Amino acid sequence: MRRTLWVTGAAVSITLGLACATSAFAQDRAARADPRPANNPYEGKAEAISNGGAMFRTRCAGCHGPDARGYLGPDLTGFWGAGGTDDRMFDIVRKGIPGTEMIAADPTRVLDRDIWQVMAYLRTLSAVPATTPSGDAANGAQVFRANCTSCHMVNARGGQLGPDLSRIGSARPRAGLHAKLRGTANFIRPGYEPVTIVTRAGERIRGVRKNEDEFSIQIMDMRERLQGYLKDNLTEVRVEKQSVMPVYGPDRLSDRDLNDLLQYLAGLRGADTASR
Amino acid sequence: MRAVSVRVLQVAIVAVAASWTLAAQTPPPTQVTAQDLRDGLKNPTRWLNYGGDYGNQRYSPLTQITPANVNRLTAQWQFQTDTLGKFEATPLVLDGVIYVTGPLDTGWAIDARTGRQIWRYKRDLPPGLIACCGLVNRGFAVLGDRLFKTTLDAHIVAISRKTGAIEWDTPMVNYRHGYSGTTAPLVVKDKVIAGVAGAEYGIRGFIDAYDVNTGKQVWRFYTTAGPGDPGHATWRGTDQKAWENGGGSIWVPGAYDPELNLTYWGTGNAGPDYNGSAREGDNLYTASLVALDADTGALKWHYQFTPHDIWDYDSTQMPVLADLTLGGQLRKVVLFANRNGFFYVLDRATGKLIRAKPFIQTTWAKEIRPDGRPMLEPNSVPSEDGTKVCPDQTGGTNWMPPSFSPSLNLLFVTARESCGVFFSWKEDYAPGDAYRGGAVQRLVDEQYSMLRAIDALTGEKRWEFPYTNQSFAGVLSTASGLVFAGGSGNVIAFDGKSGKQLWHFQTGSSLYSGAITYMVDDRQYVLMPSGTTLTAFALAAF
């Protein structure tokens, strides 16, 4: 037990060093931090739960939803019910999940105590995990190839107008993907904002915005051509709110196919080297 | 044989004469005097104070570059630091040499004609530094042949201008308790004045003066009023010692009025930032402007911009000293565009409020009463469930120095419209740990940043130039009517009167500092720090 704890502690301090540009700083602070307790020392404590709730709403709710039931990021209420441990949750918060929007918590801003307090709050929301969703992932993969591959890459295959989805199963909850596909939610990742520009010659070009400053804009057009344009040479630059991705209503995608597609996407949790 | 000797002698005489002639042509090394600092930018080859002059106007009398020819401005050289981090410093220039500090406690002397390094200074920093917002530094101060700077481990040091070697090194306070030094110091007569950052870590802020020759502390003014200090009664509530960890950091330099012998400093937020429940009262002298006797550090007057600050509205912006004709009367004033969103004009002899007007949307207070206190809006207190307040914690402006053009009576400010949702929770103080008592969610869709020209006489907005991305660029204006600022890595020249954009250059990295300008060899340069690069511009030589 002592050995396990020590190993975990070492892993954390290495991660902290990598996560922080000023590694000397981070190492020193990690070194003087107390060893991590096996269980949450703040669990069940009223003030900690109340503080943790406020911290959750500030730092976590944007992705995990105001009730922690998942939005851009996963539902957290079923974490413990599904066998998750305090130690595992602490690690995820402190180190983040590479390749997703879940960033590591900077130890200079987010103290260990803060993480424990947020976890104490989350435990009060803890619920029995929803029934395991079912669906035919093989059919989902077919649906994906027919509808999505032209813009989205999985395991190094597919288009690049939209984000790479090789890890989307770790990054997005099923509900979030459902909402995006059906068009009831419209979140757009930075670098994928839809834009239409019109040149002085009258040419209309649609694509996604990669970068922009006061005098120029850089886009990937719908044919995946990367190109920069001087605003002096454009008569219009319109960044739109509606994603380039079409809405897949029931007319385009049946409930059953959608369910299968979600089953397939939920299983995408990192590059599958075997399929390359 | 003899003839040869005579010839050798003749050659030697000619050589000695030539070297004397050369010596006569080369001026002796300059000793910067207290009078030189008072003269500000009168000598066009120099930039000796952080703010250009003691009043922080950043208004250069140079006119070689004009609105008519600025489109010929061309990059002449670039200097790169070879460090991580970014420049937040204002370089100094003297005798054709640039002196500038960089991130991670570095500094350089650089040839102002070519960008070539002359010497490099690098401090060995101890582990365990605590700085909330980047391991940065805002610049050197100069006097005699010494440079002065604060350090990330909360020392103040004197450095030889000739070699970059340390001449004295005085710890201001224990950095392990959350203190750091990032401000450029201010030299007044025989003292170098500076303060400490760290109001996110429960520090007790102060402003110190040190003897320029010995580094010995001469006076200290605490920015949170302790027992026996006037203003101590403004720290009430459940925590009897809230003032000990009450913040009030100093991380940009102040101003100096030689006639009044007063030095003016904007002070940082109260701590913990977002939870004021244990520190009821105004919490003097946080989020204030303090006017101190430059010889003794005695408080002459104070004006508190944000009493009982619970929004992280540091008043660490530049106090800009100007003489304005208001109501038919010439008044000595301080102009202050504050992070809390209001633009203030104060009488700088008395601290009395002359006028305050919002220069961006503010919802914590809609107006400032004639007695100088803000009229607070209801429902603006950070809470467990979040409270929407405008501006957000980064504020209507921040440390980026503005510029005042006395010929146009305009203050040019890098400003931003923003709102945030402010959350608060209870946090206990522990030395060296973050002590904020809350956090803020920015409402990204509601923010934009811009260069805004504010009429100093009326407080009205004259023009603005919106930036595509958040800008933290400082501003420079010149007597030819130009304004230099920028965003998204672009250095941009504007016509000061109309706001028309006249010229721009993409430097390749974001701007966290302001441009300066100087003459060398009868050529006017504009120098802009961006990222870890300095770029010098001058008119193309055709």
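All values reported here derive from a predicted model rather than from experimental measurement.
Residue contact with chain A, scored on non-hydrogen atoms closer than 4.5 Å, involves the side chain of B/I492 exclusively. Contacts of B/Q501 with chain A are made by side-chain atoms alone, with heavy-atom separations under 4.5 Å and no backbone atom involved. No part of A/S216 comes within reach of chain B, as not one of its non-hydrogen atoms sits under 4.5 angstrom from that chain.
Once rounded to the nearest 0.5 Å, the distance linking CE of A/M55 with OG of B/S424 reads 10.5 Å. In this structure, A/D213 CG and B/N490 CG are separated by 4.5 Å, a value rounded to the nearest 0.5 Å. For the atom pair B/D445 CG and A/K241 NZ, the distance stands at 5.0 Å (nearest 0.5 Å).
Counting heavy atoms from C-beta outward, B/H504 and A/E214 have side chains that stay 4.5 Å or more apart. The side-chain heavy atoms of B/Q506 and A/F215, taken from C-beta on, include no pair separated by under 4.5 Å.
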Show the atom names and distances, to 0.1 Å, of all donor-acceptor pairs under 3.5 Å that link a side chain in residues 114-121 of chain A to residues at least two apart or in another chain.
from, atom 1, to, atom 2, distance (Å)
A/D114, OD2, A/L111, N, 3.2
A/Q117, OE1, A/N51, ND2, 3.2

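In terms of heavy-atom pairs under 4.5 angstrom with chain A, the leader among B/F465, B/Y467, B/F422 is B/Y467. Of the listed residues (B/N469, B/V421, B/D385), the greatest number of heavy-atom pairs within a distance under 4.5 Å of chain A belongs to B/D385.
The residues A/R113 and B/E427 are annotated as salt-bridged, a charged nitrogen and a carboxylate oxygen being separated by less than 4.0 angstrom.
The shortest heavy-atom contact between B/W425 and A/A54 is CE3-CB, 3.6 Å.
Other residues, nucleotides and ligands place more than 12 heavy atoms under 6.0 Å from the CG atom of B/N71. The environment of B/K122 atom NZ is dense: over 12 non-hydrogen atoms of other residues, nucleotides or ligands sit within 6.0 angstrom. Within a 6.0 Å radius of CD1 in A/I103, other residues, nucleotides and ligands contribute 12 heavy atoms or fewer.
Contacts between residues 56-67 of chain A and chain B, defined by a heavy-atom separation under 4.5 Å, are made by A/R57, A/T58, A/R59, A/G62.
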